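Structure first, commentary second.
Because only heavy atoms are used, hydrogens play no part in the values below, and waters and symmetry mates are left out as well, while side chains stay in. Because the structure is predicted, anything quoted here is derived from the model rather than measured.
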Amino acid sequence: MREGQSSSGKTQSGGCASRIGELCLEEDKFSSVPFEADAGLRERVTQQRTKTQTNAKNTHSNANTNFTEEKQRLGFLEVKLGLLRLLRFILRPDWPAVMTYARSALVQDWNRGQGLLWYALCHLAGVLVYFSLPAEPYSVLSGIPFILLLLFAFRCWSFGRLTVGLTALLFFAAGFFLADLRVEHARGDPLERPVTRKVEGVVTGVKHSGKGAYSVIFADVNALSQKGTTPLSYRIRLSIKGMKEPPVMGNRMQLKARLLPPGGAVRPGGYDFARTAFFSGIGAVGYALSKPVVVVRLEGTSFLQEVERVRSGIAQRIRRVLDNSPESAFAVALLVGKRDYLAAADKDALRNAGLAHVLAISGMHMGLVTSLVFLGARLILSLSQSLALKGHIHVYASVAALIAATVYLGLSGASVATQRAFLMAAMILCAGLIGRRAFSLRGLALACLVLLSLRPEELLAPGFQMSFIAVLALLSAYTLGKDWFVGNRNRPRRRNASWFHRVIRIGSKWVLACALTSLIAGAATGPVAAMHFEQVAPYGVLGNILAMPLVTFVVMPLGLLSLLAIPFGADAFFLQGMEAGLALVLKAAYWVSSLSEGLTSLGVASAPGYLLMIFAIVVLCVMPLRLKWLSLPAFTVSVLMFAGGSAPDLMIADAGKHIAYYGADGRFRLTSSRMSFAADSLLRAGGISAGAFKQHKVRASDRSCDDRGCVIEIFPQLSSEGGRISSEPVLLAQPKVADVLEVDCRLATIVITQAQAPPACRAELVIDQKMFGEHGSAYVWLSAGVEGGERIKKVRWAYHAQRRPWNPKLPQATNDLIAAEERNHLALNADAARAEDASFVGGVGRFQRD
């Protein structure tokens with residue numbers, strides 16, 4: 001009986017054990033079997049969940065299990081070992097091992113999502129090749145390779161045989177074709193010769209260029225004459241002086257103006273306004289000869305015109321609240337992207353101090369705006385208990401930050417750097433909304449693809465190049481040093497450290513991070529700035545350490561709050577605080593600029609050397625850790641190019657009106673009567689600041705001139721040892737009349753004239769009206785001057801023999817001595833619009849009236 005009861009008890013106990021979560025009583029005691037079964041089930045569920053999360057993480061990162069992920073960390077020991085391996089490889093190279101490692105590292109990067117960056121670089125290379133061609137390709141032939149490659153790639157993809165090389169080639173062909181397509185779309189029929197016309201058009205752009213002076217862009221232009229109205233197929237840009245109130249966007253105005261074809265580069269490699277005008281649809285530039293009259297008032301405007309009107313209104317309000325102070329001009333440049341009100345001295349100080357990037361609204365400004373709005377929205381929404389418990393605060397804050405970024409993009413003017421920053425910020429916010437991880441290099445690659453697909457010509461702009469290469473260098477450096485900056489979570493922390501030591505440690509880390517950021521960005525953008533502007537900022541790190549904390553934590557937050565407070569009329573308090581911060585930033589900029597006085601100008605150097613150095617920086621940033629040494633050969637060759645090159649001995653700019661050369665005393669001379677854009681450009685090409693114009697202006701004793709022309713003695717520049725390759729001067733003649741042209745051709749080595757030289761001219765270098773029309777300005781290098789030998793070593797022209805569509809079509813020399821159609825106006829020496837006419841600062845049109 002007892003055995004049956006015992007058996008029955010075991011059965012009952014086993015039944016209880018099979019029912020998980022119940023409590024079974026046996027002889028007034030709890031049984032532990034159900035709890036052990038419950039714990040085992042929970043452990044199995046936990047293991048299954050961990051396994052699922054691991055698989056999801058691997059799927060999300062798209063990692064390749066064949067190769068272990070290489071951490072991009074860099075310390076002193078790693079650097080030392082890397083240098084030893086490099087030295088060992090140089091002495092005894094093992095190419096098979098290198099190729100095996102390179103293939104595995106590149107495949108690993110590709111599987112981690114780095115392939116999109118390589119595709120973007122291929123797309124960029126296609127655009128660059130198109131714009132570097134000496135002649136325009138045939139449009140149909142440029143599109144055929146892209147279409148064939150696209151069809152072939154689609155067929156390979158449908159069969160699962162699409163290779164990486166074919167995809168890269170497709171992106172290259174797409175970049176080439178889209179650049180050609182953009183040029184064909186921008187083709188127009190610009191103005192062919194200078195004319196004086198009465199015009200009427202709609203104001204679509206206004207830029208302040210001085211007291212009562214404005215640069216105005218007119219669209220939908222009609223030329224008025226006694227014969228009737230002639231519509232023009234292009235926009236015009238005019239300089240208007242003496243206006244008490246700025247022109248209103250959308251108004252139709254009528255005025256009499258002197259129109260000129262857009263001018264090109266004043267010197268080889270200089271700023272080419274003709275290219276900018278070509279892609280902007282501007283077919284003529286000039287200046288107003290009469291007071292503009294408003295024909296039709298503003299009734300209905302487009303969205304872009306309304307945005308521009310809001311920007312102008314905000315700028316005027318900031319200027320009015322801050323009493324038109326220098327800080328108010330700085331605030332306008334930061335908040336709405338209008339740099340028209342900034343003084344030239346302030347711009348130079350910021351540039352020499354390495355703070356010019358503050359004026360370019362880019363990643364820092366967009367990041368501050370989005371982060372402040374995101375954190376503020378999240379803090380406000382967290383005050384609601386229902387919203388906080390539902391867990392949608394992150395989504396609402398991301399949407400608010402995205403809206404704020406879009407509004408700030410419109411208010412800032414939407415430059416190429418701002419567009420890049422907006423695209424990257426939008427991708428990061430959208431990735432957060434859908435629960436994905438935002439990989440910054442992929443965001444940079446996508447932004448590059450989008451911008452170059454829509455506007456391929458931006459690749460030639462310094463803003464695009466500096467913005468993208470700076471972000472690329474910073475992201476690559478952050479990948480290497482993020483463990484140090486964020487901190488190793490596995491490292492035991494010192495809990496007994498005082499608050500003072502923690503503040504000092506965190507503060508020093510942030511100061512060092514700011515210094516490294518400035519150093520990395522400056523080193524990456526330095527070759528681009530030197531190539532385009534012949535200037536560098538030697539103390540840029542110091543300027544950024546002093547100014548950037550103020551800009552980041554004081555100026556920009558107060559500026560954002562002032563924009564939000566403008567509709568309520570409470571912006572004065574925030575603007576005054578912003579003004580105090582900007583005053584300190586300007587003081588720091590002027591102090592750092594004084595330290596670098598005389599050290600910022602570099603002069604003309606080897607353009608291929610700059611390009612090779614930029615290529616080496618890109619390779620250094622995009623290659624895996626152990627393949628970064630591949631940038632070393634490009635760096636070495638670029639340094640050798642700089643060491644072996646020399647600046648030109650003679651610079652001929654602006655159709656021979658401005659000539660820079662070296663005199664008998666070795667000093668740089670400039671044949672300009674007054675300071676202008678062309679004179680400033682030649683001074684920078686010679687490595688001299690614009691403030692030293694009077695010291696280098698040509699003197700009466702430096703040349704022999706009369707009513708029939710001038711003769712100048714040109715000397716080669718001094719070498720590094722203080723001597724010259726030749727002490728014999730080279731005679732340069734500038735004949736003004738035809739009867740002395742034949743004599744100058746016999747006696748002078750170089751003849752520069754705006755007339756047409758005879759074919760029998762025996763001068764070694766003849767630059768006449770035809771040469772200026774075909775090739776533009778020139779750089780000249782002199783040889784050693786052996787007796788009976790040639791004195792001209794090399795000549796570099798601004799344009800190739802075959803002009804591209806954006807090059808100016810008319811010789812600049814034909815713009816002289818052109819009589820206007822009206823009897824009461826005669827324009828003498830009316831220069832063609834040059835690069836300084838793009839901004840119209842100080843007016844345009846150096847002419848005399850009879």
Is it the case that the side chain of Ser280 and the backbone of Ala277 share a donor-acceptor pair, with hydrogens and angles ignored and the cut-off at 3.5 Å? no

Pairwise side-chain contact, Asp649 with Phe715, heavy-atom cut-off 4.5 Å (strictly under): no

With sequence neighbours left out, what residues match Lys587 under side-chain contact (heavy atoms from CB on, under 4.5 Å)? none

Sequence-distant partners of Leu232, side-chain contact (heavy atoms from CB on, under 4.5 Å), two or more places apart: Val221, Ala223, Tyr234

For Phe279, is the NZ or CZ atom of Arg275 found under 6.0 angstrom from the centre of its six-membered ring and inside 45 degrees of the ring axis? no

Quick one: CZ on Phe330 to CG on Leu359, what's the gap to the nearest 0.5 Å? 5.5 Å

For His775, enumerate each residue passing the side chain to side chain donor-acceptor pair (under 3.5 Å) test, keeping only those at least two apart in sequence or located in another chain. none

Asp680: which residues meet the side-chain contact (heavy atoms from CB on, under 4.5 Å) condition with it, sequence neighbours left out? Met675, Arg684, Ala690

Report the residues that fulfil side chain to side chain donor-acceptor pair (under 3.5 Å) with Ser672, sequence neighbours left out, ordered by chain and then residue number. His658

Asn352 meets the side chain to side chain donor-acceptor pair (under 3.5 Å) criterion, sequence neighbours left out, with Ser593

Would you verify whether the NZ or CZ of Lys793 falls within 45 degrees of the ring axis of Trp781 while also being under 6.0 Å from that six-membered ring's centre? no

Is it true that atom NZ of Lys198 has more than 12 heavy atoms of other residues, nucleotides or ligands lying nearer than 6.0 Å? no

Looking at Glu245, I'd like to know if its CD atom is crowded, meaning that more than 12 non-hydrogen atoms belonging to other residues, nucleotides or ligands lie closer than 6.0 Å. no

Over 12 foreign heavy atoms within 6.0 Å of OH, Tyr779: yes

Which residues satisfy the side-chain contact (heavy atoms from CB on, under 4.5 Å) test with Ser594, sequence neighbours excluded? Trp591

Looking at residues at least two apart in the chain, or sitting in another chain, which of them share a ring pair (Phe, Tyr, Trp, His ring centres under 6.0 Å) with Phe693? none

Name all residues meeting the ring pair (Phe, Tyr, Trp, His ring centres under 6.0 Å) criterion together with Phe533; count only those two or more places apart in sequence or in a different chain, and write none if there are none. none

Inspect the surroundings of CD in Glu742 and state if more than 12 heavy atoms from other residues, nucleotides or ligands are less than 6.0 Å away. no

Between Gln717 (side chain) and Tyr662 (backbone), is there a donor-acceptor pair under 3.5 Å? no

Kindly assign one of parallel, tilted or perpendicular to the pair Phe668 and His696, based on the angle between their ring planes and the thresholds 30° and 60°. perpendicular

First locate atom CG of Leu255, then atom CD of Glu200, and finally report the distance between them rounded to the nearest 0.5 Å. 10.0 Å

Restricting to pairs with a member in residues 672-707, which pass disulfide (SG to SG under 2.5 Å), not counting sequence neighbours? Cys705-Cys710

By salt bridge (charged side-chain N to carboxylate O under 4.0 Å, His left out) - contacts of Glu458 (at least two apart): Arg455

With sequence neighbours excluded, tell me which residues meet side chain to side chain donor-acceptor pair (under 3.5 Å) with Ser681. Arg267

